[in-house]
Amino acid sequence: MSGHAIYVHWPFCVAKCPYCDFNSHVRERIDEARWRDALCREIRTWSERCGGPAETVFFGGGTPSLMSPDTVGAVLEEIDRCFGLTPDCEITLEANPSSVEAGRFRGYRAAGVNRLSMGIQSFDDAALKFLGRVHDAEAALAAIETARDVFGRFSFDLIYALPGQTEAAWREQLDRALGLAAGHLSLYQLTIEPNTGFAGAVRRGVWTPMDDDRAADFFELTQEICEGAGLPAYEISNHAAPGQESRHNLVYWRYGSWIGIGPGAHGRPVCSDGSRLAASNLKKPERWLEAVTETGSGAEELRPLDTAEQAEEAVMMGLRLAEGLDLSRPGAAACIDEEAAERLSAHGLIERGPARLTVRPEGRLLLNSITASLLGRDAAA
């Protein structure tokens, strides 16, 4: 990939889900025209640093499907004007499956979006209520059918390993999802993130998360079912038929060049002079908006990364992929702790060839500790 992936963050939601630790905010009203202008201005600022076309665009959040199609279209027009959209550019928008938002799908398609990613999370109404979702199973099914009619490509998310969930119940949910999918699913175990509603509930003893051994059983079941259905995991939580992978997210995991636009957005852009920056924006929407209005940039951090830092980040990202880490990347092989690699290989947890290092299926649940060991941070693994 010689161009960039561009991520556009829309930080607003109708309600804050209790499991979510993303940069999302509830506001009674916003000035959408002002937000549209600010997003476009930050795009112009980045185009002055980074040449080359946009090969993917991803509208994330928050809830980007709260944006009007006109705003989505204006942002895409600005990206095309400043960077150029490649003829086969993958343009994804995250959406919730409420009837109001699904009613906008055709408008988003007309604006240029060609792939939809929906936060379905469950087909069970009780689970959706527990997860704090504002839609029900009927709305989820209707949104999937609308997406199928409108978009050539779509994906949706499910969350599993809920407290009290049985393997039979999850198998039923997953079988239903596979029957509805268009070649891609994102399947996430419920995790309790700090400073979320669920973290507070668990701390107060309101409910108890599934224990790690049971959750591991659910993970293995998920891999088995999806592999058998022709949607193997190409990343730790993402499953796709060959050719249906998210090209945008592959840029992250293959450590390509990506630019973050909007509040709290992060990027690792490769600039026109060949340098790579660590970039992160102000998280609070109002602070970001004020900064962009005044200076054209909402950046909180903007610093160059040296070769060693880039190689280490590439290792952390690449090991998430089933295809593994490309060891020909500058500095990647030098990052690897050889003693740890030999030990992990002997235990059957990784496989190292002349060009790639992969985490074997037996090691996927130990990904974090394997990564730390390979980077020389944890001699115990």
Side-chain angles (χ1 to χ4, degrees), residues 5-15 24 29-37 39-40 43 54-81 84-123 128 133-158 176-177 179-186 240-241 243-249 261-262:
I6 297 182
Y7 174 80
V8 181
H9 190 77
W10 186 258
F12 303 112
C13 287
V14 171
S24 58
R29 63 177 58 87
I30 64 164
D31 183 344
E32 187 166 341
R34 188 180 177 200
W35 274 88
R36 178 174 62 242
D37 291 345
L39 291 169
C40 290
I43 289 164
E55 300 196 353
T56 70
V57 178
F58 194 104
F59 292 88
T63 307
S65 52
L66 295 177
M67 276 190 284
S68 70
D70 286 345
T71 294
V72 172
V75 169
L76 289 173
E77 287 174 10
E78 193 67 20
I79 293 172
D80 193 25
R81 190 184 71 81
L85 297 169
T86 59
D88 64 343
C89 186
E90 177 190 86
I91 302 172
T92 303
L93 183 135
E94 288 183 341
N96 279 338
S98 74
S99 59
V100 172
E101 292 163 69
R104 296 175 174 164
F105 285 2
R106 294 188 188 281
Y108 296 135
R109 185 69 187 92
V113 174
N114 55 30
R115 182 176 181 271
L116 203 69
S117 178
M118 289 180 289
I120 299 294
Q121 314 310 3
S122 179
F123 297 110
L128 289 169
R133 305 297 287 168
V134 297
H135 67 274
D136 59 16
E138 183 179 356
L141 293 169
I144 289 172
E145 291 312 309
T146 302
R148 194 185 313 279
D149 289 342
V150 175
F151 294 93
R153 299 175 66 206
F154 69 90
S155 176
F156 57 88
D157 303 353
L158 294 179
R176 191 172 196 182
L180 294 166
H184 192 287
L185 290 173
S186 297
Q244 293 300 314
E245 299 87 352
S246 167
R247 286 170 46 205
H248 182 88
N249 287 341
I261 304 294

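Keep in mind that the numbers below use all heavy atoms, side chains included, and drop hydrogens, waters and symmetry copies. Since we're looking at a predicted model, the values are computed, not measured.
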Novice: Can you tell which of Thr92, Val57, Leu93 makes a side chain to side chain contact (heavy atoms under 4.5 Å, CB included) with Val113?
Specialist: Leu93
Novice: Are any of the side-chain heavy atoms of Leu66 and Val14 separated by less than 4.5 Å?
Specialist: yes
Novice: Any chance you could measure Phe59, atom CZ, to Ile6, atom CD1, to the nearest 0.5 Å?
Specialist: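 One gets 9.5 Å once the value is rounded to the nearest 0.5 Å.
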Novice: Is a side-chain N or O of Glu90 found less than 3.5 angstrom from the main chain of Arg115, in a donor-acceptor match?
Specialist: no
Novice: Hey, could you give me the CD/CG distance between Glu77 and Asp70, rounded to the nearest 0.5 Å?
Specialist: 9.5 Å
Novice: How about Glu145: does its CD atom have over 12 heavy atoms from other parts shown lying under 6.0 Å from it?
Specialist: yes
Novice: Can you check whether Leu141 reaches Leu180 side chain to side chain, under 4.5 Å on heavy atoms?
Specialist: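 The answer is yes, as the side chains (C-beta and beyond) meet within the 4.5 Å cut-off.
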Novice: Could you pull out the closest heavy-atom pair between Ser155 and His184, with the gap in Å?
Specialist: OG-ND1, 2.7 Å
Novice: Closest approach of Ala54 and Cys89, non-hydrogen atoms and distance?
Specialist: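 Heavy-atom minimum between the residues: O-SG, 3.6 Å.
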Novice: Working to the nearest 0.5 Å, report the span between CD1 of Ile261 and CG of Leu39.
Specialist: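 Going from the CD1 atom of Ile261 to the CG atom of Leu39 covers 8.0 Å.
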Novice: Could you tell me which non-hydrogen atom of Pro97 sits nearest to which non-hydrogen atom of Gly119, and how far apart they are?
Specialist: CD-O, 3.7 Å
Novice: Could you measure the distance from the CD1 atom of Ile91 to the OG1 atom of Thr56? Nearest 0.5 Å is fine.
Specialist: 9.0 Å
Novice: I'd like to know if the side chain of Glu32 reaches the main chain of Ser68, judged simply by a donor and an acceptor atom lying under 3.5 Å from each other, with no hydrogens or angles considered.
Specialist: yes
Novice: Taking atom CD of Glu101 and atom CZ of Arg104, what is their separation to the nearest 0.5 Å?
Specialist: 6.5 Å
Novice: Between Asn114 and Arg153, is there a side-chain heavy-atom distance shorter than 4.5 Å?
Specialist: no
Novice: Do Ser24 and Thr63 come within less than 4.5 Å of each other through their side chains, counting heavy atoms only?
Specialist: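 No; the side chains remain at least 4.5 Å from each other.
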Novice: How would you list, by chain and number, every residue that makes a ring-ring contact (aromatic ring centres under 6.0 Å, His included) with Phe58, sequence neighbours excluded?
Specialist: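 Partners of Phe58 under the ring-ring contact (aromatic ring centres under 6.0 Å, His included) test: His248.
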Novice: Mind checking the CD-CZ spacing from Gln121 to Phe156? Nearest 0.5 Å is all I need.
Specialist: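 Gln121 atom CD to Phe156 atom CZ measures 10.5 Å (nearest 0.5 Å).
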Novice: Picking from Leu76, Val75, Val72, what satisfies side chain to side chain contact (heavy atoms under 4.5 Å, CB included) with Val8?
Specialist: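 Answer after filtering Leu76, Val75, Val72: Val75.
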Novice: Any carboxylate oxygen within less than 4.0 angstrom of a Lys/Arg side-chain nitrogen, looking at Glu78 and Arg81?
Specialist: yes
Novice: Show, in sequence, the C-alpha distance, side-chain angles and deciding distance for Ile144 and Met118, and conclude whether the side chain to side chain contact (heavy atoms under 4.5 Å, CB included) test is met.
Specialist: CA-CA 8 Å; Ile144 289 172; Met118 289 180 289; 3.9 Å; yes
Novice: If every non-hydrogen atom of Asp88 is compared with every non-hydrogen atom of Arg247, which pair is closest and at what distance?
Specialist: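 Where Asp88 meets Arg247 most closely, the heavy atoms are O-NH1, 2.8 Å.
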Novice: Between Leu158 and Ser122, which heavy-atom pair has the shortest distance, and what is it?
Specialist: CD2-N, 3.7 Å
Novice: Give me the atom names and distance for the closest heavy-atom approach of Tyr108 to Met67.
Specialist: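 Heavy atoms of Tyr108 and Met67 come nearest at OH-O, 2.6 Å.
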Novice: With side chains defined as the heavy atoms from C-beta onward, is the minimum distance between Arg106 and Asp149 less than 4.5 Å?
Specialist: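 Side chain of Arg106 against side chain of Asp149, heavy atoms only: contact under 4.5 Å found.
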